[in-house]
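A short worksheet on the structure shown next.
Keep in mind the model is a prediction, meaning the values are calculated, not measured. Note on naming: letters A, B, ... go to the chains in the order of the sequence lines (proteins, then strands), and numbering restarts at 1 for each one.
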Amino acid sequence: MDAPIGDPERPSVKVEAGASALEVAATLAPHGQAEVLALEVDGEVVDLERRVPRGGTARALTFDDPLGRYTFWHSSAHIMAQAVSRLFPEVRLAIGPPIAEGFYYDMELPRPLTEEDFPAIEAQMRRIVAEDLPIVREEWTRQAALEHFARQNQPYKVEIIQDLPPDAAITCYRQGEFLDLCRGPHLRSTGYVKAPKLLSLAGAYWRGDERRPMLQRLYGTSFPTEAALTAHLALLEEARRRDHRKLGKELDLFTFEPEAAGFVFWLPKGMVVYRTLEEYSRQLQLSHGYVEVSTPWVYDVSLWKRSGHFDHYKDNMFFIPREDEQLGLKPMNCPGAALAFGSRVRSYRELPLRLMEYGALSRYERSGTMHGLFRVRGFVQDDAHIFLPEEDIAAEVGRILDLVDEVYRPFGMSYRIHLSTRPDDAMGEPQLWERAETALAEALAAHGRPYDLKPKDGAFYGPKLDFDLFDSLHRPWQCATIQLDFQLPRTFDLTFRGRDGQEHRPVVLHRAILGSLERFIGILTEHYAGAFPPWLAPVQVRVLPIAERHGDFAREVLERLVAAGIRAELDASDEKFGQKIRRAQLEKVPYMAVVGDREVESRTVSVRTRLEKDAGSRDLDAFVAEVADVIARRLASPAVAVDHA
RNA sequence: GCUGAUGUAGCUCAGUCGGUAGAGCACCUGCAUGGUAAGCAGGAGGUCUCGGGUUCAAGUCCCGACAUCAGCUCCA
């Protein structure tokens, strides 16, 4: 989970150890606002019923705070477990944490649950909420807790206690007849959880270990009001509606076939989106000083042994055995870029050398892990490797930050940056890491970019910046990544001749902005719900003659559009006019150009956009210019009418 | 890879107790030339995912494989 940063706007107060959390919360709670659920003291969440264990700066947590929500959902998980316990006294409980949008509880039951069990469990949950049971924190001794949970036939709880460090405080939370081992924190009573809902059911191994028993995981979510729950369920429904696998089929963009599981077949419509996006990315990078290379996609296994991929990545690689050699398909472009750089002597004058490559990558993903365009075995990244002297890192990262903004601009998605630092198993000297991390932080500061720190989350070969993009449903997608690599230049003994005439070791910046084009198109499909902006739309304009006699002028309109470089189609079918409209609308074509008697007469078109039934009529020239302009400027949607004729 | 579910026409799905398969949409043909989201009629389309097994008989029951889906694990 992300560590939420304290919001300086929220009222806070200094508290002493031993202060009543409830009283502190009361002083912080603005009237008429969301209910206070817990107290946060210097990042630690404190139950309202407790006394503050350590002094510090306190803030009130409500459902609007990530930590407040986690507390709410954590208690909700207990309510669910209590409900299940009432219905199935034999249940053996494992763990039940809050997650990004709700909670789950893993449990072992005498029989498999089905969704038909949900209403009974939910009814019981609502009863527990109505009972408004106080949730009481208790401190137990290790011995007493072990004996209690052993007696209650709760082997998973016993195992958890046994694995706690000997000096760990053991706390339990009691609500009515239900007692659960738990670190907390929790709400004051069950009555807060006004709107609980069970969502789904899945198997999950005890402690994520496939050799351990498979438990039943019950997912749920809950909200302080029915209205909030209803809104959340509507959002889930909207996400289902936008599923790119469903839209990809409906819009004829791509397909998957069992003969090549995990590899995309791009159909003509999808290929237009793919090429348009790739060409957009290519031109933008070329204008930012990048040069393009294409390197082999199959290498002798010795190359992969040298690069370290064979040791670290071979389970994710495809290999082709030959009689006396072993070949490996590339899962990454880096070694190819390194060999290309090393193909001749390099001068400092050439640096930074920005080699971009839209190379086809193959990664063996285990069956069961593939997921539409989001997780495939074959894909292309908007990849680049930048070779530069170490002292240029901050400046170059700054250029990449600018490029990232420019690449993302047309999509209207905001993002958040994470800086990941030196992991424990890192290669290379700590001082080098420190310099690199400082360079990244400086570049971010120089560009005024806020970021979250992810300590020890860097790659073993260098620190990195990751970008989470937020789509129209506010879901995060990790897309861009900027990784510093100190190892690659050493492994491939890359050097450049410096101003001083000596050989120097460059560093490598590995970066992708869209990430995988396949995955990015999946994200865009869901972001736009399949209604791509005109510049990306497979068909930008469909010309719709009302009757056969309008065919000649309709063809003329089509030719004019096509001549202007616009992807236009003529619906010359003998369907009724309403049917032609319906089809274009379902295919989410941004512009429809209607041609009937009036239009033939005046040499105009009547414009319908997928957003606006009647967008007025236009002189043919004006319409062509308007559409070309919206495409050229990569506007998000068809322009709305300005002149209703 | 693991657990569970699913797999029937291009798509969405129905198919009872085991008795050789059906709808809507899409497609093709004909009629209809229709002004902003579904005109009428006809036609064609199936190795019921694949391979075994049980049975007089399998879309249906059993076993296995493959793919997909939901999770887990992995991946970033």
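Separation of the P atoms belonging to B:C17 and B:U29 is 43 Å when rounded to the nearest angstrom. B:A70 and B:U8 have their C1' atoms separated by 22 Å, given to the nearest Å. Between the P atoms of B:G43 and B:G7, the separation comes to 30 Å (whole Å). Rounded to whole Å, the P atom of B:C13 lies 29 Å from the corresponding atom of B:U73. B:A57 and B:U49: their C1' atoms are spaced 23 Å apart (whole Å). Between the C1' atoms of B:G53 and B:G71, the separation comes to 32 Å (whole Å).
Contacts of A:T369 with the nucleic acid, taken as non-hydrogen atoms under 4.0 Å apart, include base atoms. Residue contacts for A:K464: at a heavy-atom cut-off of 4.0 Å it reaches the sugar-phosphate backbone alone, with no base atom in range. When heavy atoms are screened at a 4.0 angstrom cut-off, A:G578 is found touching the sugar-phosphate backbone but no base atom. As judged by a 4.0 angstrom heavy-atom cut-off over every strand, A:D574 is placed among the base-contacting residues. When heavy atoms are screened at a 4.0 angstrom cut-off, A:D597 is found touching base atoms of the nucleic acid. Here A:R245 lies in heavy-atom contact (under 4.0 Å) with sugar-phosphate atoms only. Residue A:Y219 is classed as a sugar-phosphate contact, given heavy-atom separations below 4.0 Å to backbone atoms only. Heavy atoms of A:S606 sit under 4.0 angstrom from at least one base atom. When heavy atoms are screened at a 4.0 angstrom cut-off, A:L586 is found touching base atoms of the nucleic acid. When heavy atoms are screened at a 4.0 angstrom cut-off, A:R583 is found touching the sugar-phosphate backbone but no base atom. When heavy atoms are screened at a 4.0 angstrom cut-off, A:R217 is found touching the sugar-phosphate backbone but no base atom.
Close to B:A37, at under 4.0 Å from its OP1 or OP2, lies no side-chain N or O of A:Q579. A close approach under 4.0 Å does not occur between any side-chain nitrogen or oxygen of A:K576 and OP1 or OP2 of B:A32. For A:R363, no side-chain nitrogen or oxygen approaches OP1 or OP2 of B:A76 to under 4.0 Å. For A:H371, a side-chain nitrogen or oxygen approaches OP1 or OP2 of B:A70 to under 4.0 Å.
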Pair A:E599-A:S606, side-chain hydrogen bond (donor to acceptor under 3.5 Å, both in side chains): steps then yes or no: CA-CA 7 Å; A:E599 290 75 19; A:S606 282; 2.6 Å; yes

Intermediate values then yes/no, salt bridge (charged side-chain N to carboxylate O under 4.0 Å, His left out), A:R582 and A:E575: CA-CA 11 Å; A:R582 178 177 155 81; A:E575 294 294 344; over 6 Å; no

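Salt bridge annotation for A:D571-A:R542: absent, with no cationic side-chain nitrogen under 4.0 angstrom from a carboxylate oxygen.
The base of B:C72 lies outside donor-acceptor range of the side chain of A:R366, with no N or O pair under 3.5 Å. Side-chain N/O atoms of A:E599 and base N/O atoms of B:G35 include a donor-acceptor pair closer than 3.5 Å.
Atom CZ of A:R377 and atom C1' of B:C75 are 13 Å apart (whole Å). Taking atom CD on A:E575 and atom P on B:G35, their separation rounds to 15 Å, with Å as the unit. Separating the CE atom of A:M370 from the P atom of B:A70 is a distance of 13 Å, rounded to the nearest angstrom. Remark: P of B:U36 and CD of A:E612 are 16 Å apart, rounded to the nearest angstrom. One interatomic measurement links the two molecules: CG of A:L218 to P of B:U3, which rounds to 21 Å at whole-angstrom precision. Atom CG in A:L236 sits about 14 Å away from atom P in B:A70, given to the nearest Å. Between A:F254 atom CZ and B:U68 atom C1' the separation is 14 Å, expressed in whole Å. As a whole-Å value, the separation of A:D457 CG from B:C75 C1' is 13 Å.
Aromatic ring centres of A:W477 and A:F374 lie closer together than 6.0 Å.
Taking the ring centre of A:F577 as origin, the terminal cationic atom of A:K580 falls outside the region bounded by 6.0 Å and 45° from the ring axis. In this structure, A:R92 forms no cation-pi arrangement with A:Y156, as its terminal cationic atom is not both closer than 6.0 Å to the ring centre and no more than 45° off the ring axis.
Where A:F577 and A:E548 each meet RNA chain B at their nearest nucleotide, the meeting point lying more 5' is that of A:E548.
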